[in-house]
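Since the structure is predicted, the reported quantities are computational estimates derived from the model, not experimental observations. Keep in mind that the numbers below use all heavy atoms, side chains included, and drop hydrogens, waters and symmetry copies. Naming: A, B, ... by sequence-line order, numbering from 1 per chain.
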Protein chains: 2
Amino acid sequence: MPDPFVLDGFLPYRVAVTAGRLSREFSRVYQERFGLSRAEWRVMAHLSQEAEVSVREIHARVDMDKSKVSRAATRLEEAGIITKRISDSDRRLVVLGLTDKGAVMMAELAEAAVAYHAQLIVRLGPGATAFLAGLEALGDADGTQRHAGHTGADQGQ
Amino acid sequence: MPDPFVLDGFLPYRVAVTAGRLSREFSRVYQERFGLSRAEWRVMAHLSQEAEVSVREIHARVDMDKSKVSRAATRLEEAGIITKRISDSDRRLVVLGLTDKGAVMMAELAEAAVAYHAQLIVRLGPGATAFLAGLEALGDADGTQRHAGHTGADQGQ
DNA sequence: CATGCTTCGATGCATGTGCAACGATCAGGC
DNA sequence: GCCTGATCGTTGCACATGCATCGAAGCATG
């Protein structure tokens, strides 16, 4: 993209479109199969990484407002997929954890995720490593700029 | 990402987070300066590429529901930034165009966009080309799978 | 022209979302 | 202990979003 503005080459635009497509593509797995929303899937995914995660941790690490995390957690709890309990060390914290039912679901989801990811790597071909490095570069650069509090802006949609 | 599922390495997740960050970062320009929403900015951006664009064209080319495009266009028209008129050749089509005021705005926005894009290229360093190729690969692969009508699913998050 | 089918854009409606409170809790100074 | 300020999660509210639907218009066939 030289001087004139060319939308099709504008990076935020292209990344957003790609993100939307990938997200939508994979969403079929958790939506059609388990009826999970995207927010719910993200909470589940975090729980698959660590047995117990607080709402705050999820909120801090990704593009999800804390109210979004909170509501997703409530829905998942009502569905018997996760548990919510007050932390012993800090009673302001709400600690989330998978139920047995949730663990079974997550195992299946993880399998599907790994398969989908492998498929994407194939699409990327030999440039996969460079692509990941690019994401890192963009993400880190942003991390450098952010500091105190957060801007309050919102999600990508 | 080998066998176990690792969220931090999951591509749809990483791309979505990066997209959100870039989008939010650049959104300050059009939000704080012109009070545009993201949807409105996208419509404007399309109009900067071609003098006249129909709602359909914007909807077809990106992750925007036609109702989203329609409403964004209505707001922009009310703000005196764009014009809407019925196409002569096909009276179902609504053709959008920038007003003088809109053109001035877009000129400034384009300048900011070009500057921001250049900044991102710097962040990417020598891997920029490979990163763009990766986006292409992911996007095209998806494009290969889509064919007749569209799935109906929309927008990310 | 008449008929049936498709496409475009707008709109009603239910739901999701971000943001700003708010209560509860914690940490620190005194 | 008491007070002040900060942090965490929830909730109210206004608004955006997606989806289904609708009317208007095109397009094809006869």
Side-chain angles (χ1 to χ4, degrees), chain A residues 16 20 23-24 27-28 31-32 35-43 46 52-78 82-97 148-157, chain B residues 16 20 23-24 27-28 31 35-43 46 52-78 82-96 148-157:
Chain A
S23 224
R24 208 172 313 136
S27 74
R28 291 181 208 164
Q31 273 183 10
E32 294 180 3
L36 295 180
S37 72
R38 181 166 160 165
E40 287 155 11
W41 150 249
R42 279 204 179 174
V43 170
H46 274 272
E52 303 202 316
V53 182
S54 72
V55 171
R56 165 74 186 139
E57 287 175 277
I58 298 177
H59 161 61
R61 283 181 39 187
V62 296
D63 269 340
M64 281 182 76
D65 189 76
K66 56 184 181 174
S67 63
K68 203 172 171 181
V69 178
S70 173
R71 287 189 248 248
T74 299
R75 286 191 295 261
L76 288 170
E77 187 190 29
E78 286 168 356
I82 69 168
T83 57
K84 287 167 68 175
R85 68 174 180 77
I86 306 284
S87 166
D88 294 330
S89 56
D90 184 339
R91 291 193 321 204
R92 290 171 305 179
L93 297 181
V94 171
V95 180
L96 309 180
H150 65 128
T151 62
D154 61 285
Q155 275 282 41
Q157 85 160 301
Chain B
S23 222
R24 208 171 312 135
S27 74
R28 290 181 209 164
Q31 273 183 9
L36 295 180
S37 72
R38 178 166 160 163
E40 288 154 12
W41 150 248
R42 280 204 178 174
V43 170
H46 274 272
E52 302 202 315
V53 182
S54 72
V55 171
R56 165 75 185 139
E57 286 174 276
I58 298 178
H59 161 60
R61 281 180 42 186
V62 295
D63 269 339
M64 280 182 76
D65 189 77
K66 57 183 181 173
S67 64
K68 204 172 171 179
V69 178
S70 173
R71 287 191 250 248
T74 298
R75 285 191 297 263
L76 289 171
E77 187 191 30
E78 286 169 355
I82 69 169
T83 57
K84 286 167 67 174
R85 67 173 180 78
I86 305 284
S87 167
D88 294 330
S89 55
D90 184 340
R91 292 194 320 205
R92 291 170 305 176
L93 297 181
V94 171
V95 179
L96 309 180
H150 66 130
T151 60
D154 243 87
Q155 274 288 33
Q157 27 211 334

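Out of D/dT10, D/dG9, C/dC26, the shortest distance to the side chain of A/S70 is found at D/dT10. Residue B/K66 places its side chain closer to C/dA10 than to any other of D/dA25, C/dA10, D/dG9.
Residue B/M64 contributes atom CE, which lies 16 Å from atom C1' of D/dC19 at whole-angstrom precision. Taking atom CD1 of residue B/I86 and atom C1' of nucleotide C/dC8, one finds them 10 Å apart after rounding to whole Å. If you take CZ of A/R56 and P of D/dA6, they are 15 Å apart, rounded to a whole angstrom. As rounded to whole Å, 13 Å separates atom C1' of D/dT10 from atom CD of A/E78. Rounded to whole Å, the distance from CZ on B/R91 to P on C/dA10 is 16 Å. Atom pair B/Q31:CD and D/dC15:P shows a separation of 16 Å (rounding to whole Å applied). Rounding to whole angstrom units, CG of residue B/L96 and P of C/dC8 are separated by 14 Å. As a whole-Å value, the separation of B/D65 CG from D/dA16 C1' is 12 Å.
Residue B/T74 is classed as having no contact, given no heavy-atom separation below 4.0 Å to the nucleic acid. At a threshold of 4.0 angstrom between heavy atoms, the contacts of B/S37 with the nucleic acid are absent.
Applying the 4.0 Å criterion to OP1 and OP2 of D/dT10, one finds that A/K84 has a side-chain N or O inside that range. Residue B/S67 places no side-chain N or O under 4.0 Å from the OP1 or OP2 atom of D/dG18.
One distance of note links NE2 of A/H46 with NE2 of A/H59; it measures 12.0 Å at 0.5 Å rounding.
When every heavy atom of B/V95 is checked against every heavy atom of B/S87, the shortest pair comes out as CG2-CB, 3.7 Å. The heavy-atom pair separating B/G35 from B/E40 by the smallest distance is O-OE1, 4.0 Å.
The backbone N or O of B/S70 sits less than 3.5 Å from a side-chain atom of B/T74, completing a donor-acceptor pair.
For B/R85 and C/dG9, a side-chain-to-base donor-acceptor distance below 3.5 Å is absent, hydrogens and geometry of angles not being considered. Not a single donor-acceptor pair, N or O on each side, falls under 3.5 Å between the base of D/dG9 and the side chain of A/R71. For D/dT7, the base has a donor-acceptor partner in the side chain of A/R92 [N/O atoms by modelled type, under 3.5 angstrom].
With DNA chain C read from its 5' end, the first of the two nearest nucleotides for A/S89 and B/A73 is the one closest to B/A73.
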Inset, instruction - Please lay out, stage by stage, how B/R56 and B/R92 fare under the test side chain to side chain contact (heavy atoms under 4.5 Å, CB included). - result: CA-CA 10 Å; B/R56 165 75 185 139; B/R92 291 170 305 176; over 6 Å; no

